[in-house]
Amino acid sequence: MSTVVETVTALAQPIVAHHQFELVDVEFVKEGKSWYLRVYIDKPGGINIEECAMVSDELSEKLDAIDPDPIPQAYFLEVSSPGAERPLKKPEDFERAVGDYIHVSLYQKIGQSKVYEGTLEELRDDSLDLTVNLKGRIKTLTIPRDAIAQARLAIKF
C-alpha cells in the first residue's frame, strides 16, 4: 500500500503544484469491501469542489495511462479538502499551526494522558510547547516531536 501512496503522490504533486495548490496527504485504505484512494488538497482560503474535480480528472487520466496499472484492485478516487481538522504531518504544517488549537496523540503517556488538545505555542526542531487546560489549570507541556503519533488542527468548544 505504501507503494500505491508513493506512486500517487509522485503523480499528484506536479498536478497540484501546477494549480498552485498544496498536496496535503494521500491515503489508500480499505473500508468494508471497497478500496479508497484519497487525495487531500488545499490552498490559502480553502479549496472548492470545482478545484477538487479538476485535480481528480487530471489525476485519474494520469493513473489510467500507467501500464502496468499501479493499483490492480478496483478503488474509488476521492479528491477533497482536508477539512477544518486537517492533519499536521510535514514540518511546514506544524510551522503554520503555531498559535492554533491542535489535537496531539502520543505513542506513550506524558503526564496522565496519551492525548492532549491545546494551543501550539512554540515549535523547536525536537519538541513543541502546547498550552493545555488540565481540569481547570492552564499548563504548558513540552512534547518531544518523536513522541507524537498523530497531530491535527482541532476545533475548540
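Everything quoted here is computed from the prediction, not taken from an experiment.
For the pair R38 and F76, the NZ or CZ position fails the cation-pi test of under 6.0 Å to the six-membered ring centre and within 45 degrees of the ring normal.
The closest donor-acceptor contact from the side chain of S113 to the backbone of V115 lies under 3.5 Å. A donor-acceptor pair is defined here as one N or O able to donate and one able to accept, closer than 3.5 Å; such a pair exists between the side chain of T9 and the backbone of V5. Y116 contributes a side-chain N or O that, together with a main-chain N or O of I110, makes up a donor-acceptor pair within less than 3.5 Å.
L63 has its side chain within reach of L11: a pair of non-hydrogen atoms, C-beta onward, lies under 4.5 Å apart. The side-chain heavy atoms of L88 and I148, taken from C-beta on, include no pair separated by under 4.5 Å. Put simply, the side chain of I102 does not reach to within 4.5 Å of the side chain of E117, judged on heavy atoms. L37 places a side-chain heavy atom less than 4.5 Å from the side chain of V26. Side-chain contact between Y101 and I155 is absent, with no heavy-atom pair separated by less than 4.5 Å. Between L120 and D100, every side-chain heavy-atom pair lies at or beyond the 4.5 Å cut-off. The side-chain heavy atoms of K114 and Y107, taken from C-beta on, include no pair separated by under 4.5 Å. When side chains are defined from C-beta on, Q13 does not count as touching H18, because their heavy atoms never get closer than 4.5 Å.
Side chains of H19 and E58: a donor on one and an acceptor on the other come within 3.5 Å.
Interatomic distance, CG of L123 versus CG of L128, reported as 6.5 Å (0.5 Å rounding). From D25, atom CG reaches atom CD of E22 across 10.5 Å, with rounding to the nearest 0.5 Å. Note that CZ of R152 and OG of S105 are 7.0 Å apart. Values are rounded to the nearest 0.5 Å. Going from atom CG of N48 over to atom CE of M54 covers 8.0 Å, rounded to the nearest 0.5 Å. If you take CG on L59 and CG on L23, they are separated by 9.5 Å, rounding to the nearest 0.5 Å. The OH atom of Y40 sits 9.5 Å away from the OG atom of S81 when rounded to the nearest 0.5 Å.
Ion pairing between D129 and R124 holds under the 4.0 Å rule for side-chain N and carboxylate O. Note on D93 versus R86: salt bridge recorded, some NZ/NE/NH1/NH2 to OD/OE distance being below 4.0 Å. A salt bridge links K43 with E51: at least one charged nitrogen is closer than 4.0 Å to a carboxylate oxygen.
Heavy-atom contacts from other residues, nucleotides or ligands closer than 6.0 Å to NZ of K139 number 12 or fewer. Within 6.0 Å of CD in Q150 there are 12 or fewer heavy atoms belonging to other residues, nucleotides or ligands. Around atom CD of E92, more than 12 heavy atoms belonging to other residues, nucleotides or ligands sit under 6.0 Å away. Heavy atoms of other residues, nucleotides or ligands lying less than 6.0 angstrom from CD of E31 number more than 12.
Aromatic ring orientation, F28 versus Y75: perpendicular (interplanar angle above 60°, classes split at 30° and 60°).
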*For E27 and Y36, what are the C-alpha separation, side-chain angles and deciding distance, and is it a side-chain hydrogen bond (donor to acceptor under 3.5 Å, both in side chains)?*
CA-CA 8 Å; E27 62 182 20; Y36 293 87; over 6 Å; no
*Decide side-chain contact (heavy atoms from CB on, under 4.5 Å) for I71 and V8; before the verdict, give the C-alpha distance in whole Å, the side-chain angles of both, and the deciding distance to 0.1 Å.*
CA-CA 10 Å; I71 311 171; V8 173; 4.2 Å; yes
*Derivation of the side-chain contact (heavy atoms from CB on, under 4.5 Å) call for C52 and I47*: CA-CA 7 Å; C52 290; I47 207 87; 3.9 Å; yes
